[in-house]
Amino acid sequence: MKPFAFARPAGVAEAVAAVAGDPAAVFLAGGTNLVDHLRLGVASPGLVVDVRTLTSGEVTGTGNGGLRIGAAVTNSELAAEPRVRARYPALAQALLAGASGQLRNMATTGGNPLQRTRCVYFQDVTMPCNKRERGSGCSAVGGYTRYHAILGVPPSPDPSAPGTCIATHPSDMAVALAALDAVVQVQGPGGTRAIPFTELHRLPGGEPAKDTVLEHGELITAIDLPPLPSRARSAYRKVRDRASYAFALVSVAAVLEVADGRIADARLAFGGVAHKPWRATQAEQALRGQPATDEIFRAAAEAELAEARPQPGLDGGNAFKVPLLTRTVVATLRALTPEAQT
Ligand SMILES: Cc1cc2nc3c(=O)[nH]c(=O)nc-3n(C[C@H](O)[C@H](O)[C@H](O)COP(=O)(O)OP(=O)(O)OC[C@H]3O[C@@H](n4cnc5c(N)ncnc54)[C@H](O)[C@@H]3O)c2cc1C
Ligand code: SF4
């Protein structure tokens, strides 16, 4: 591991100034992702700035009936929070589907959405990877693609193009936050700003190293959950290779409002299939105003997946994700509409 300086500033402003003023500085929260990357040589910062105790560790009510989650709230605390469990079950379920109890005790609200891809080539510094080193190539194209993207990728990506990356975003929590229309509160050297969660993460767009729209030195201080209509129900469903301690092959977060057997409103996000939590707007459109039936749910998934670009691979590729995600959408929505199924 490359030696680095370590700082534990007294406040948020000081931490932001320390990172903003040093291109080789990074924030450290629970450390469950960053410390692995320091050990593997994936990250080699000159300065590590500990923010673990600087932001709020509380979940507070907002004036409009929503919740504000401090960036230091751990994944365990958030999953157990009674208001989250009662009003935003998709978020509690997504958190509990992630990692292990020990990891969730350390992982934070600020750090979880900013964890980096689990692409095996990204984590192996002996392999070419555009996300680690732009222009070195993408080893995943033509390699192992079981955990890679099918949405937001070209049909035949060029592995030697410097912008190519077919990695997926690994966070479960982020998929739920995308469906819940969460808002990220950020403090940077220029002041504060609020970013809709669906706009936080980005597609590679020629710059695979940049996972999010955050500028260097911008710190997540809190994440806001807007209130949901009283009839809204939500759920998160994750499909993985092992029953626990495994990342999503595919996942679905859904927020559904049903009135008189018809879908009044729907919000859907997919995990495990794109470089970012994938808000399924085509599927949402196909659901609104329709009866809550399996046929409609399947047609909605198919509408979204019409743009899917499965990747071949040494492991058989990832075309299996298209039918798997379709079935997962149907199962998630069916479980949210039990009265429509009788
Ligand atoms: C074995 C294993 C299995 C796992 N399984 C899953 C899983 O199934 N599902 C899942 O979702 N996750 C899983 N994880 C990942 C885990 O959830 C993340 O590592 C964790 O949520 C990251 O949070 P952290 O606070 O530890 O972040 P850190 O590791 O401290 O930081 C992560 C990144 O965020 C930045 N950062 C941290 N806080 C802030 C902030 N407030 N503002 C700006 N930047 C910040 C850091 O600079 C760093 O780049 C797993 C991890 C391991 C090791
Ligand atoms: S998919 Fe992205 S992270 Fe994985 S090897 Fe290719 S460029 Fe690197």
Side-chain angles (χ1 to χ4, degrees), residues 12 15-16 19 25-38 42-43 45 48-52 54-55 70-75 94-100 102-124 127-145 147-149 153 157 159 161-176 184-188 200 204 208-209 211-212 214-223 238 240 242 244-248 251 271-272 275 277 311:
V12 165
V16 166
V19 173
V26 293
F27 296 119
L28 171 76
T32 59
N33 193 225
L34 181 61
V35 173
D36 280 356
H37 288 169
L38 296 177
V42 170
V48 173
V49 177
D50 184 1
V51 296
R52 176 71 185 78
L54 299 187
T55 53
V73 173
T74 67
N75 288 181
L95 288 160
L96 292 175
S100 65
Q102 291 93 333
L103 285 159
R104 293 194 294 270
N105 288 343
M106 293 297 293
T108 62
T109 297
N112 185 313
L114 300 183
Q115 63 178 289
R116 309 213 65 198
T117 182
R118 307 304 286 203
C119 172
V120 289
Y121 306 106
F122 175 72
Q123 298 186 96
D124 179 349
M127 297 299 290
C129 168
N130 282 329
K131 191 180 272 297
R132 249 190 301 102
E133 191 185 340
R134 190 174 190 278
S136 62
C138 174
S139 301
V141 175
Y144 292 91
T145 55
Y147 282 90
H148 287 75
V153 286
T164 295
C165 175
I166 59 167
T168 51
H169 195 272
S171 166
D172 292 295
M173 177 193 192
V175 181
V184 185
Q185 300 295 336
V186 170
Q187 184 162 336
L200 176 67
D211 295 342
T212 70
L214 292 180
E215 299 296 338
H216 183 70
E218 282 194 313
L219 181 77
I220 294 180
T221 53
I223 294 184
K238 173 178 180 179
R240 46 190 154 173
R242 289 188 304 268
S244 77
Y245 211 46
F247 289 88
S251 70
H275 195 255
Q311 303 294 313

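This one's a predicted model, so the numbers in the text were calculated from it and none came from an experiment. We count ligands from 1, going down the list as the structure has it; atoms in each ligand are counted the same way.
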Taking every non-hydrogen atom, the tightest pair across [X] and [Y]:
X	Y	value
Thr109	Gly70	CB-O, 3.6 Å
Val16	Gly217	CG1-O, 3.4 Å
Phe247	Gln115	CE2-OE1, 3.9 Å
Gly135	Asn130	N-OD1, 3.0 Å
Ile220	Ile223	CG2-CG1, 4.3 Å

Cys119 backbone or side-chain N/O/S under 2.8 Å from atom 4 (Fe) of ligand 2: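 Short answer: yes, at least one N, O or S atom is under the cut-off.
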Distance from [atom] to nearest protein heavy atom, with residue and atom:
atom	answer
atom 1 (C) of ligand 1	Tyr245 OH, 3.4 Å
atom 28 (P) of ligand 1	Gly31 N, 3.5 Å
atom 7 (C) of ligand 1	Ala99 N, 3.1 Å
atom 8 (Fe) of ligand 2	Cys129 SG, 2.3 Å
atom 15 (C) of ligand 1	Gln115 OE1, 3.2 Å
atom 22 (C) of ligand 1	Thr32 OG1, 3.3 Å
atom 47 (O) of ligand 1	Phe27 O, 2.5 Å
atom 34 (O) of ligand 1	Leu114 CB, 3.3 Å
atom 50 (C) of ligand 1	Phe247 CZ, 3.4 Å
atom 6 (Fe) of ligand 2	Cys138 SG, 2.3 Å

Winner among Ala29, Ala222, Ser244 once heavy atoms are compared against atom 38 (N) of ligand 1: Ala29
From Leu34, Asp211, Asp172 - option closest to atom 11 (O) of ligand 1 by heavy atom: Asp172
Which segment of Thr164 sits under 4.0 Å of ligand 2 when only heavy atoms are counted: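 Backbone only; the side chain of Thr164 stays clear of ligand 2.
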Just which atoms of ligand 1 are under 4.0 Å from any heavy atom in [X]?
X	result
Gly98	7 (C), 8 (O), 9 (N)
Asn112	17 (O), 21 (O), 22 (C), 23 (O)
Gly30	24 (P), 25 (O), 26 (O), 30 (O)
Ser171	11 (O)
Asn33	19 (O), 29 (O)
Leu103	1 (C), 2 (C), 3 (C), 51 (C), 52 (C), 53 (C)
Asp36	53 (C)
Glu218	43 (C)

Test applied, side chain to side chain donor-acceptor pair (under 3.5 Å); reference residue, Lys131; option that passes from Thr117, Asp211, Thr164: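 The side chain to side chain donor-acceptor pair (under 3.5 Å) with Lys131 is passed solely by Asp211 among Thr117, Asp211, Thr164.
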Geometric class of the His148/Tyr121 ring pair [parallel <30°, tilted 30-60°, perpendicular >60°]: tilted
Going by heavy atoms in the side chains, are [X] and [Y] under 4.5 Å from each other?
X	Y	result
Arg240	Tyr147	no
Ser139	Pro128	yes
Thr74	Asn105	no
Leu214	Leu114	yes
Leu96	Asp172	no
Val19	His216	yes

Counting distance only, does the side-chain N/O of [X] pair as donor-acceptor with the main-chain N or O of [Y] below 3.5 Å?
X	Y	value
Gln311	Val141	no
Asn33	Arg116	yes
Arg132	Val42	no

Show the atoms of ligand 2 that are less than 4.0 angstrom away from any heavy atom in [X].
X	value
Tyr121	5 (S)
Phe122	3 (S)
Ala167	1 (S), 2 (Fe), 3 (S)
Ser139	5 (S)

Compute the minimum heavy-atom distance from [X] to ligand 1 and say whether it is under 4.0 Å.
X	answer
Lys238	yes
His37	no
Ala246	yes

Cys165 backbone or side-chain N/O/S under 2.8 Å from atom 8 (Fe) of ligand 2: no
Residue part near ligand 1, for Ala43, under 4.0 Å between non-hydrogen atoms: neither
Candidate list Pro157, Cys119, Pro204, test side-chain contact (heavy atoms from CB on, under 4.5 Å), partner Ile166, passing option: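 When Pro157, Cys119, Pro204 are each tested with Ile166, the side-chain contact (heavy atoms from CB on, under 4.5 Å) holds only for Pro157.
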Distance (rounded to the nearest 0.5 Å) between Asn112 CG and Leu95 CG: 7.0 Å
Audit row: Thr221, Leu54, side chain to side chain contact (heavy atoms under 4.5 Å, CB included) steps and yes/no: CA-CA 9 Å; Thr221 53; Leu54 299 187; over 6 Å; no
Min heavy-atom dist Pro208 to ligand 2 below 4.0 Å: no
Polar proximity ligand 1 side, Ala107 side, N/O cut 3.5 Å exclusive: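 Min N/O separation from ligand 1 is not below 3.5 Å for Ala107.
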